[in-house]
> 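Next up is a structure, given as structure tokens.
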Amino acid sequence: MTTVFLYGTLKRGGSNHAFVAHQRFLGTARTVPGFTLYSLGDYPGMVRAPGDTAGVTGELWVVDDTCLAELDKLEGLDEGLYGRIDVVLAPNPLASSAQTYLYARAHDGLSPLGDHWPVGNL
Ligand code: PCA
């Protein structure tokens, strides 16, 4: 089992939520500062942002190995779209760190989204 931090289309209400809907929801969380989101159109990409003070908001889910493999495929790890890393979380009662998908390509020219990805109001 792996705890993952989800900040985009995999969250509740998101277009890819079905991939994790049958797994265990732990609660909401925020990363430590130093991360921010950019828009890739229908989905966001989280990148390292050294000057950032807010971090990124998301959801913690405990997923099994089969689900994790499906998420890796969905997020295009093999194609270098996202990489999966361990991210430290701001203090919370649920977990101190989690696996997450970091956008792996250049984000020059993409629209900044700040600390959260809206679900359901695009
Ligand atoms: N799906 C993953 C990464 C970005 C996206 O749209 C997530 O929800 O965390």
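When a ligand or atom number is given, it counts from 1 through the structure's own listing order. We number each residue from 1, following the sequence as shown.
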> Before signing off on this row, confirm whether Glu75 and ligand 1 have an N or O atom pair separated by under 3.5 Å.
yes
> What is the nearest protein non-hydrogen atom to atom 6 (O) of ligand 1, stated with its residue, atom name and distance?
Thr9 OG1, 2.8 Å
> Is there a nitrogen or oxygen of Leu10 sitting under 3.5 Å from a nitrogen or oxygen of ligand 1?
yes
> Are the side chain of Asn16 and the backbone of Leu10 linked by a donor-acceptor contact shorter than 3.5 Å?
no
> Once you restrict to heavy atoms under 4.0 Å, what part of Trp117 touches ligand 1? Side chain, backbone, both or neither.
neither
> Write out the residue and atom name of the closest protein heavy atom to atom 7 (C) of ligand 1, then the distance separating them to 0.1 Å.
Gly8 N, 3.4 Å
> So for Tyr103, does at least one of its heavy atoms come nearer than 4.0 angstrom to any atom of ligand 1?
no
> For ligand 1, which atoms, with element, lie under 4.0 Å from some heavy atom of Leu6?
9 (O)
> Any donor and acceptor pair, going by atom type alone, linking the side chain of Thr28 with main-chain N or O of Gly58 inside 3.5 Å?
no
> In terms of side-chain heavy atoms, does Thr57 have a donor or acceptor partner in Asp115 at a distance below 3.5 Å?
no
> Where is the nearest protein heavy atom to atom 4 (C) of ligand 1: which residue, which atom, and how far?
Pro44 O, 3.4 Å
> Pair Trp61, His22 - check ring pair (Phe, Tyr, Trp, His ring centres under 6.0 Å), show working.
CA-CA 10 Å; Trp61 288 77; His22 55 296; 9.1 Å; no
> Are any of the N/O atoms in Tyr7 less than 3.5 Å from those in ligand 1?
yes
> Given the ring of Phe25, does Arg12 sit roughly above its face, with NZ or CZ under 6.0 Å from the centre of the six-membered ring and within 45° of the axis?
yes
> Classify the ring geometry between Tyr43 and Tyr82 as parallel (under 30°), tilted (30 to 60°) or perpendicular (over 60°).
tilted
> Hey, is CZ on Arg24 packed in by over 12 heavy atoms from elsewhere, all under 6.0 Å?
no
> Mark up the atoms of ligand 1 that fall under 4.0 Å of a heavy atom belonging to Tyr43, in ascending order.
6 (O)
